[in-house]
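All residue numbers refer to positions in the sequence shown, counting from 1. Each ligand, and each atom within it, is numbered from 1 in the order the structure gives.
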Amino acid sequence: MFIYKDIAFRVIEKEDLEILRKLHNDPSTWINLYNIDFVDEEGQIEWWKNLHKNKNDKRYVICFAEKPKEIIGRLRIQIINHQHQNCEIGLDILSEYRGKGYGKKSYEMILEFLFNHFNMNMVYLKVADFNPNAKKLYEKVGFKETGRLPQSYFRNGKYWDYIIMCLTKDEFKKI
Ligand SMILES: CC(C)(COP(=O)(O)OP(=O)(O)OC[C@H]1O[C@@H](n2cnc3c(N)ncnc32)[C@H](O)[C@@H]1OP(=O)(O)O)[C@@H](O)C(=O)NCCC(=O)NCCS
């Protein structure tokens with residue numbers, strides 16, 4: 001478990017799966033996800049059992065530091081490249097905890113972990129052009145738009161740009 005202020009992230013236990021499935025299938029979540037495959041219980045258990053096999057793709061739950069069973073959201077650290085020391089990240093907050101600062105604090109937590117403990121040199125994420133709230137949050141924690149995958153994200157009947165945002169260790173140290 002990695003603790004930051006009053007929150008933490010930890011590995012996913014079997015008893016977390018139901019709440020994570022609900023978060024993924026919630027329309028206010030999946031509308032903002034690139035991959036909109038809905039998750040069923042059996043498929044999810046299979047996915048969870050295989051998680052440990054992929055060393056370059058890690059999934060965690062975000063929880064309260066003092067009540068680790070209480071979940072705030074989920075976190076993914078993907079395409080981890082130890083040769084070049086970079087990775088992609090993303091997270092989603094349960095609907096009842098949104099708009100309360102947990103998203104921002106969770107990004108601060110994961111950046112602290114990745115730059116100061118996991119020895120990453122550059123961290124990036126991608127956000128759809130129709131999700132300006134999320135983009136604003138990423139800018140607040142230091143990410144800068146570095147490029148776009150034009151018209152590569154189909155949602156609500158049209159193609160949107162997929163925005164790439166990056167943060168280097170040097171930039172992080174200056175924040
Ligand atoms: C996007 C998400 C991770 C943000 O987490 P959150 O806990 O709701 O965000 P916070 O409360 O920490 O807000 C941080 C900043 O984000 C922006 N923001 C977040 N929600 C907002 C909203 N509904 N309207 C306007 N700005 C918003 C604001 O700039 C805010 O800063 P402020 O409080 O100083 O104004 C969360 O809302 C979520 O999981 N949404 C659904 C799934 C999703 O969009 N995932 C991201 C895909 S790229």
Shortest protein contact, [atom] (heavy atom only):
atom	value
atom 1 (C) of ligand 1	A134 CB, 4.0 Å
atom 8 (O) of ligand 1	G99 N, 2.9 Å
atom 12 (O) of ligand 1	K104 N, 2.8 Å
atom 41 (C) of ligand 1	R98 CZ, 3.5 Å
atom 45 (N) of ligand 1	D92 OD1, 2.9 Å
atom 4 (C) of ligand 1	L137 CD2, 3.5 Å
atom 47 (C) of ligand 1	N32 O, 3.7 Å

Worksheet item: Less than 6.0 Å separating the ring centroids of Y102 and F64?
Response: yes
Worksheet entry | Y153 and F130 aromatic centres sub-6.0 Å | yes
Interfacing atoms of ligand 1 (cut-off 4.0 Å, heavy-atom, [X]):
X	result
Y102	7 (O), 12 (O)
G103	5 (O), 6 (P), 7 (O), 12 (O)
G101	10 (P), 11 (O), 12 (O)
K140	28 (C), 29 (O), 30 (C), 31 (O), 32 (P), 34 (O), 35 (O)
N131	44 (O), 47 (C)

Worksheet item: Of all the heavy atoms in Y138, does at least one lie under 4.0 Å from an atom in ligand 1?
Response: yes
Fill in: Exercise check, heavy-atom protein proximity under 4.0 Å to atom 10 (P) of ligand 1
yes
Worksheet entry | Residue of the set K49, H24, R21, E18 for which side chain to side chain donor-acceptor pair (under 3.5 Å) holds with Q44 | R21
So does [Y] get a backbone contact from the side chain of [X], meaning a donor-acceptor N/O pair under 3.5 Å?
X	Y	value
N25	V39	yes
R98	I93	yes
D161	I163	no

For the 3.5 Å polar cut-off, considering only N or O atoms, please tell me whether [X] and ligand 1 meet it.
X	answer
V127	no
L33	no
S28	no

Item to complete: Ignoring hydrogens, just give me the one of L125, I31, L91, I93 whose non-hydrogen atom is nearest atom 39 (O) of ligand 1.
Response: I93
Worksheet entry | Closest to atom 17 (C) of ligand 1 among N133, I163, T29 (heavy-atom distance) | N133
Worksheet item: Quick one: are Y97 and E70 in side-chain contact, heavy atoms under 4.5 Å?
Response: yes
Fill in: Residues S95, D26; criterion side-chain contact (heavy atoms from CB on, under 4.5 Å); working and verdict
CA-CA 9 Å; S95 59; D26 181 336; 3.7 Å; yes
Worksheet item: Quick one: CG on L114 to OH on Y107, what's the gap to the nearest 0.5 Å?
Response: 11.0 Å
Discussion item. For a salt bridge (Lys or Arg N to Asp or Glu O under 4.0 Å) check, start with the C-alpha distance between D16 and R59, then their side-chain angles and the critical distance, and finish with the verdict.
Written reply: CA-CA 12 Å; D16 302 324; R59 309 297 170 110; over 6 Å; no
Worksheet item: Under the criterion ring-ring contact (aromatic ring centres under 6.0 Å, His included), which of Y60, F113, F118 is the partner of F2?
Response: F113
Practice prompt. Identify the residue among N116, N121, V123 that makes a side chain to side chain contact (heavy atoms under 4.5 Å, CB included) with F172.
Written response: N116
